[in-house]
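These notes concern the structure reproduced below.
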Amino acid sequence: MSRRTLNLDDRLYQYVLDTSLREHSALAELRAATSEHPDANMQISPEQGQLLALLVKLIGARRTIEVGVFTGYSALAVALALPPDGHVLACDVSDEYTRIGRPFWLRAGVADKIDLVLEPAVHTLDARLAAGEAGRYDFAFIDADKSNYDAYYERCLRLVRAGGLIAIDNTLWSGRVAEPVVDATKDADTAALQALNVKLRDDSRVDLSLLPIGDGLTLARKR
Ligand code: CA
């Protein structure tokens, strides 16, 4: 009965999962395989993956971008939601991380939909822009090094068509973004997220919603 977003305690969060999560077996297996990794908290939550898949279907996406693949859970969730001729341009720098996910992409039958490019994502995105692909993508998911988020956002905004969607993860950053403005020399990640959140609020190029799901997921629809 509240006008505010609920705080989810453990029991209510489990209820959300129990009553709404529809996780493909390959996604569940990849999540289990990643849970033993020391950086497992870099993986999106399963309900976030389901939301990304729903958004991809809602906007009829065919060509998508992912900046920051980690072990490939979100790329797999998106690829499963794409039509047979759909593609994910998956940008990451880590062979070690992405190697964990690739067998699950194969098992789910979507490996040929995911074009993994292992180099700094700014290079990859700039190359696509130089190749004349501005406006040729429908959806982008940004979940990588926070200090480069603005660089990724600006490039994705050019690559996505009008009416296309950019989803940006970790925009609530465990709550640290709400603390006093951070000294960028001491905490570059928090400072970068604070600056981007304010920039997005005032960015007339997009329609906007910051969802308190997972660690904060901002949706920006290109006007
Ligand atoms: Ca993340």
Side-chain angles (χ1 to χ4, degrees), residues 5 8 13 16-17 21 23 27-28 30-56 64-81 88-101 104-105 114 116-118 120-122 124-125 139-157 165-179 182 187-197 199-200 208-220:
T5 301
L8 295 187
Y13 177 60
V16 170
L17 296 182
L21 190 64
E23 196 176 33
L27 283 168
L30 174 52
R31 193 151 63 88
T34 304
S35 68
E36 290 142 33
H37 195 283
D39 294 322
N41 66 352
M42 285 169 60
Q43 185 166 62
I44 62 165
S45 59
E47 75 279 12
Q48 274 187 297
Q50 187 165 317
L51 174 64
L52 295 180
L54 180 69
L55 293 170
V56 159
T64 75
I65 298 167
E66 175 161 295
V67 181
V69 176
F70 187 44
T71 64
Y73 186 91
S74 44
L76 178 54
V78 167
L80 284 165
V88 182
L89 171 62
C91 308
D92 206 286
V93 291
S94 172
D95 178 60
E96 180 205 335
Y97 286 161
T98 53
R99 189 188 302 177
I100 295 169
F104 298 90
W105 299 348
I114 303 173
L116 178 64
V117 182
L118 291 177
V122 164
T124 307
L125 301 177
F139 176 83
F141 178 49
I142 299 173
D143 186 13
D145 50 317
K146 309 312 168 200
S147 54
N148 272 320
Y149 259 30
D150 188 50
Y152 301 142
Y153 170 67
E154 286 297 332
R155 285 160 178 79
C156 288
L157 193 58
L165 188 68
I166 302 172
I168 307 169
D169 195 33
N170 301 106
T171 48
L172 292 180
W173 205 226
S174 304
R176 295 202 291 282
V177 286
E179 289 164 13
V182 167
D187 186 350
D189 290 344
T190 304
L193 287 164
Q194 286 178 328
L196 181 64
N197 283 339
K199 168 178 162 166
L200 288 167
L208 192 69
S209 182
L210 199 176
L211 300 180
I213 182 174
D215 192 29
L217 182 71
T218 293
L219 302 181

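Whatever order the structure lists them in is the order used to number ligands and atoms, beginning at 1. The residues of the chain are indexed from 1 along the displayed sequence. Just so you know, these numbers use all the heavy atoms, side chains as well, and skip hydrogens, waters and symmetry mates. Bear in mind the structure is a predicted one, so any value in this text is a computation, not a measurement.
- The shortest side-chain heavy-atom distance between Leu118 and Leu116 falls under the 4.5 Å cut-off.
- Checked by atom type, the side-chain pair Ser45/Glu47 shows a donor-acceptor distance below 3.5 Å.
- Taking the side chain as every heavy atom from C-beta outward, Ile166 and Thr218 never approach each other to under 4.5 Å.
- Checking side-chain atoms of Asp150 against main-chain N and O of Ala192 turns up no donor-acceptor pair under 3.5 Å.
- The distance cut-off of 3.0 Å around the Ca ion (ligand 1) captures these protein N, O or S atoms, sorted by chain and number: Asp143 OD1, Asp143 OD2, Asp169 OD2, Asn170 OD1.
- Side chain of Gln194 to backbone of Val177: a donor-acceptor contact under 3.5 angstrom is found.
- Closest approach of Lys146 to Asp169, counting heavy atoms only: NZ-O, 4.4 Å.
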